[in-house]
Amino acid sequence: MFMHNKRLQYTVRVAEPNPALASLLLEQFGGPDGELAAAMRYFTQGLAEDDPGRKDMLLDIATEELSHLEVIGSIVAMLNKGAKSSLTEATMEEAELYMAINAGGNSHTQSILYGGGPALTNSSGVPWTAAYVDSRGDPTCDLRSNIAAESRAKIVYERLINITDDAGIKDALGFLMTREVAHQKSFEKALYTIADNFPPGKLPGLAAYANTYVNTSQGEGDAQGPWNTGDQWERIDDIAASLPADGGEGIASVTLTEREMDDFEAMAARLQSDPAANPATGADLGAGPGAGKLTDEDQGGASDMADARAQALAQTR
């Protein structure tokens, strides 16, 4: 059960309305790294958690994230207040009103559709989705995801702080940013109180593949470091010679019943391509200058983009 305390966790002081800034701040209201996504992520994890300590922590942080949603939503509402009242009362000239509500981002949508209230969207107006909640039900996996989520949110708050000169907003965003740091520390402590927390899950990795580093991106820019060299790693540079990794033929196969095989052979025979055929196609019949080589002619092409533009211009005259 929840009870709402009307006092915000951090006081919101906005110097003046700014619908464009309000739109950008929605990233932390209904965006993938925003406060609603965090609250829902930690609530669902907490409700399913069996460990009493982790359950208490997750529900504590989830509830605090809702208070952060209230703070960021209050900032958005304050930033939209001037445009909202002007639009409602129609006291401004049309051009001035248009400029006020169309200041940037999706500020016009916020004013017209949502009346200046904080919408559950990101800064581009994309609706919030439960797909942002990426829990898997394993604490060693979910806690790592939570650490990453808090890190991403901290970076987004830094960027938002850098785009406003409003001291009150900077202070509030700084508070929210710092709480992301605190939550990350809690999640890391919880993760490392679990013995043998890596790799996630119960099944051990397969020894034949656990220590292999495959250098699949080769050429200029190849680099070495502790992530791919040293006693910990068996580095593979000759990719072709090492395939397939299991020592098999590297060909996909499946065992079919006799009826399934008959059906497959009939289908394959019906749909088989004739490599000796060279049929005329729609491209052949409708081809014009620049189509290149076709079945029985060569329509040529441009030597470069400047030539292509020149040929296109000539066709329009």
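The salt bridge (charged side-chain N to carboxylate O under 4.0 Å, His left out) analysis of residues 18-35, with sequence neighbours excluded, yields the pairs D33-R152. Within the structure, side chain to side chain donor-acceptor pair (under 3.5 Å) pairs that include any residue of residues 158-168 comprise K154-E158 (at least two apart or interchain). Pairs engaging residues 237-248 under the side chain to side chain donor-acceptor pair (under 3.5 Å) rule: N215-D237, R235-D237 [sequence neighbours left out]. Listed by first and then second residue, the ring-ring contact (aromatic ring centres under 6.0 Å, His included) pairs involving residues 4-23 are Y10-F175 (not counting sequence neighbours). Among residue pairs with one or both ends in residues 286-296, those qualifying as side chain to side chain donor-acceptor pair (under 3.5 Å) are D284-T295; sequence neighbours excluded.
Residue-environment remark: NZ (K170) exceeds the threshold of 12 foreign heavy atoms within 6.0 Å. More than 12 non-hydrogen atoms from other residues, nucleotides or ligands lie less than 6.0 angstrom from CD of Q218. Shown here is E297, whose CD atom has more than 12 heavy atoms of other residues, nucleotides or ligands within 6.0 Å. Within 6.0 Å of CG on D50 lie no more than 12 heavy atoms contributed by other residues, nucleotides or ligands.
The closest donor-acceptor contact from the side chain of N228 to the backbone of G225 lies under 3.5 Å. At least one donor-acceptor pair closer than 3.5 Å links the side chain of W233 to the backbone N or O of P226.
Among residues two or more places apart in sequence or in another chain, the ring pair (Phe, Tyr, Trp, His ring centres under 6.0 Å) test is passed with F187 by Y42. Under the ring pair (Phe, Tyr, Trp, His ring centres under 6.0 Å) criterion, F29 pairs with no residue at all, not counting sequence neighbours. Evaluation of the side chain to side chain donor-acceptor pair (under 3.5 Å) rule for S135 yields Q45 as partners, not counting sequence neighbours. Shown here are the side chain to side chain donor-acceptor pair (under 3.5 Å) partners of D51, two or more places apart in sequence or in another chain: there are none.
For L8 against S74, the heavy-atom pair with the smallest separation is CD2-OG, 3.8 Å. The shortest non-hydrogen separation linking N122 to G31 is CB-CA, 3.8 Å. Nearest heavy-atom pair across R41 and P32 is NH2-O, 4.0 Å. In terms of heavy atoms, G73 sits closest to P118 at O-CG, 3.6 Å. In terms of heavy atoms, K55 sits closest to L47 at NZ-O, 3.3 Å. Minimum heavy-atom separation, A287 to L294: CB-CD1, 3.0 Å.
The structure places NZ of K6 at 10.5 Å from CD of E70, a figure rounded to the nearest 0.5 Å. Put simply, CG on L69 and CG on L120 are 7.0 Å apart, with the number rounded to the nearest 0.5 Å. Distance check: T229 OG1 to E234 CD gives 13.5 Å after rounding to the nearest 0.5 Å. Distance CG/L313 to OG1/T316: 4.5 Å, rounded to 0.5 Å. If you take CG on D134 and CG on D142, they are separated by 7.5 Å, rounding to the nearest 0.5 Å. Of the inter-residue distances, the one linking L24 atom CG with I163 atom CD1 reads 4.5 Å to the nearest 0.5 angstrom.
Side-chain contact between Q28 and L160: present, with at least one pair of heavy atoms (C-beta onward) separated by less than 4.5 Å. Counting heavy atoms from C-beta outward, L79 and I169 have side chains that approach closer than 4.5 Å.
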Under 3.5 Å, sequence neighbours excluded: what are the donor-acceptor pairs made by side chains of residues 259-276?
unit_1 : atom_1 : unit_2 : atom_2 : d
E260   : OE1    : T257   : N      : 2.9
E260   : OE1    : T257   : OG1    : 3.2
D274   : OD1    : A276   : N      : 3.0

Show which side-chain atoms of residues 58-68 pair as donor or acceptor with protein atoms under 3.5 Å away, not counting sequence neighbours.
unit_1 : atom_1 : unit_2 : atom_2 : d
T63    : OG1    : L59    : O      : 2.7
E64    : OE1    : R179   : NH2    : 3.1
E64    : OE1    : H183   : NE2    : 2.9
E64    : OE2    : Q9     : NE2    : 3.1
E64    : OE2    : H68    : NE2    : 3.1
E64    : OE2    : R179   : NE     : 2.7
E64    : OE2    : R179   : NH2    : 3.3
E65    : OE1    : H68    : ND1    : 3.4
E65    : OE2    : H183   : ND1    : 3.2
S67    : OG     : Q9     : OE1    : 2.7
S67    : OG     : E64    : O      : 2.5
H68    : NE2    : Q9     : OE1    : 3.0

Identify every side-chain donor-acceptor pair in residues 194-207 under 3.5 Å, counting partners at least two apart or on other chains, and give the distances.
unit_1 : atom_1 : unit_2 : atom_2 : d
N197   : OD1    : R144   : NH2    : 2.8
N197   : ND2    : I194   : O      : 3.2

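E180 and Q184 share no donor-acceptor pair across their side chains, judged by distance under 3.5 Å alone.
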Checklist line | From CA spacing to verdict: side-chain contact (heavy atoms from CB on, under 4.5 Å), L26, I72 | finding: CA-CA 8 Å; L26 283 176; I72 198 78; over 6 Å; no

Next item on the list: Could you go through the side chain to side chain donor-acceptor pair (under 3.5 Å) check for N146 and E150 one step at a time?
Entry: CA-CA 6 Å; N146 297 351; E150 297 292 322; over 6 Å; no

